[in-house]
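Data first, discussion second: the structure below is written as structure tokens.
It should be emphasised that the depicted structure is a prediction, and the values quoted were computed from it without experimental measurement.
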Amino acid sequence: MLANGEWAPYQSAKLPHQGFASHVVSEAFRLAGIQVIYRFYPWARAEAMVRGGGVAGSLVWSETPQRRAFAWFSDPVIVDDEVVFHLATRKMKAERIEDFYGLTMATFNGSRLGAWQEAIDAGRIRSYVVKDIEAGMRQLLIGRLDFIPLIRSVGFSVLRQHFTPREQAAIVAEPHVFVRAEYGVMFSRKQPGGEALLRRFNAGLAKLKASAEYRQMARDFAAGKYDPQPY
């Protein structure tokens, strides 16, 4: 059993195939001869369960020195880019964090902001706390904040789900990539057989990514087919 979480369009109990990342992980395990079962938890609890050995592992996570102390990390399941979203009518230089000094950005409870946080702590960038990405996009539209750093696919998924075509056209993503982020499955070091499970998963993942099935999955993801579907 793996702990899963809510991060559309990559993961959610409400998405087709439980999200793109969940689908990739399920198919990689299937090719390794393993059927995976997901249980969905808040992110902090999922991480604690991996640390304590309460689950075999969890998806999907970025690798950090702190997490390597209690988990093995798989090869990347997904790779995506952090970019800046802002109003299309606002032309801005967006190639260095210093370009945003004096502006206001959306921040989300519990998120890790990296170098952005350093600029906020130094008083160089103002923080506007919002409950989620949809709320941040709405505050962007009415001019209460200037920009939002987001994983590109996640930002566009939220726009497709919750905003009209006119509103979507009013928000753009800068092409400059601030962080290329890799996310994988982390396997608990406290679970017996965890390292062997990691090796089997990586083998299945490599086989999947070389297949026509994966290429179709990637096309479906780009077309928004892993977004919540109308009923």
Take atom [atom1] in [X]; do more than 12 heavy atoms of anything else shown fall under 6.0 Å from it?
X      : atom1 : value
Gln216 : CD    : yes
Lys190 : NZ    : no
Arg30  : CZ    : yes
Arg51  : CZ    : yes

Quick one: does [X]'s side chain get under 4.5 Å of [Y]'s, heavy atoms only?
X      : Y      : result
Met49  : Tyr41  : yes
Val55  : Leu2   : no
Ile78  : Asp80  : no
Val83  : Pro175 : no
Val77  : Tyr183 : no
Ile125 : Phe147 : yes
Glu47  : Met186 : yes

Which atom pair, heavy atoms only, marks the closest approach of [X] to [Y]?
X      : Y      : answer
Ala13  : Glu6   : N-OE2, 3.1 Å
Val79  : Arg180 : CG1-CG, 3.7 Å
Ala135 : Val130 : CB-CB, 4.2 Å
Ala106 : Pro149 : O-CD, 4.2 Å
Val154 : Ala8   : CG1-O, 3.7 Å
Trp116 : Glu82  : NE1-OE1, 3.0 Å

query = Which word best sums up how the rings of Phe20 and Phe221 line up, parallel for under 30°, tilted for 30 to 60°, or perpendicular for over 60°?
reply = parallel

Using 0.5 Å steps for rounding, measure from the [atom1] atom of [X] to the [atom2] atom of [Y].
X      : Y      : atom1 : atom2 : answer
Asp99  : Lys93  : CG    : NZ    : 5.0 Å
Arg39  : Arg45  : CZ    : CZ    : 11.5 Å
Leu205 : Tyr214 : CG    : OH    : 8.0 Å
Ser157 : Tyr10  : OG    : OH    : 9.5 Å
Gln161 : Met137 : CD    : CE    : 11.0 Å
Gln168 : Leu141 : CD    : CG    : 10.5 Å

Distance-only, no hydrogens or angles: does the [X] side chain make a donor-acceptor pair with backbone N or O of [Y] under 3.5 Å?
X      : Y      : answer
Ser58  : Ala3   : yes
Asp81  : Arg152 : no
Gln191 : Gly57  : no
His176 : Ala94  : no
Arg126 : Gly102 : yes

The side chain to side chain donor-acceptor pair (under 3.5 Å) partners of Glu118 (sequence neighbours excluded) come to none

For Asp146, the side chain to side chain donor-acceptor pair (under 3.5 Å) test, sequence neighbours excluded, returns Arg90

ring-ring contact (aromatic ring centres under 6.0 Å, His included) pairs touching residues 72-95, sequence neighbours excluded, are Phe85-Phe156

TODO: Could you give me the CA-CA distance, side-chain angles and deciding distance for Leu140 and Tyr128, then say whether side chain to side chain contact (heavy atoms under 4.5 Å, CB included) is met?
DONE: CA-CA 11 Å; Leu140 193 62; Tyr128 189 101; over 6 Å; no

Exercise. For Phe163, is the NZ or CZ atom of Arg138 found under 6.0 angstrom from the centre of its six-membered ring and inside 45 degrees of the ring axis?
Worked result: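 Yes, Arg138 lies over the aromatic ring of Phe163.
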
message = Would Gln18 and Tyr38 count as a side chain to side chain donor-acceptor pair (under 3.5 Å) here? Give the steps.
response = CA-CA 9 Å; Gln18 297 176 306; Tyr38 297 127; 5.9 Å; no

Given the rule that I, L, V, M, F, W and Y join up when any side-chain heavy atoms are under 4.5 Å apart, are Ile37 and Leu197 in one cluster? yes

Check your understanding: When hydrophobic residues are tied together by side-chain contacts of less than 4.5 Å, even through go-betweens, does Val172 share a cluster with Val84?
Key -> no

Quiz item: Under the side chain to side chain contact (heavy atoms under 4.5 Å, CB included) criterion, do Met105 and Ile120 qualify, and how do the steps go?
Solution: CA-CA 9 Å; Met105 66 174 271; Ile120 290 170; 3.9 Å; yes

query: Do Arg67 and Ser62 have side-chain atoms, one donor and one acceptor, less than 3.5 Å apart?
result: yes

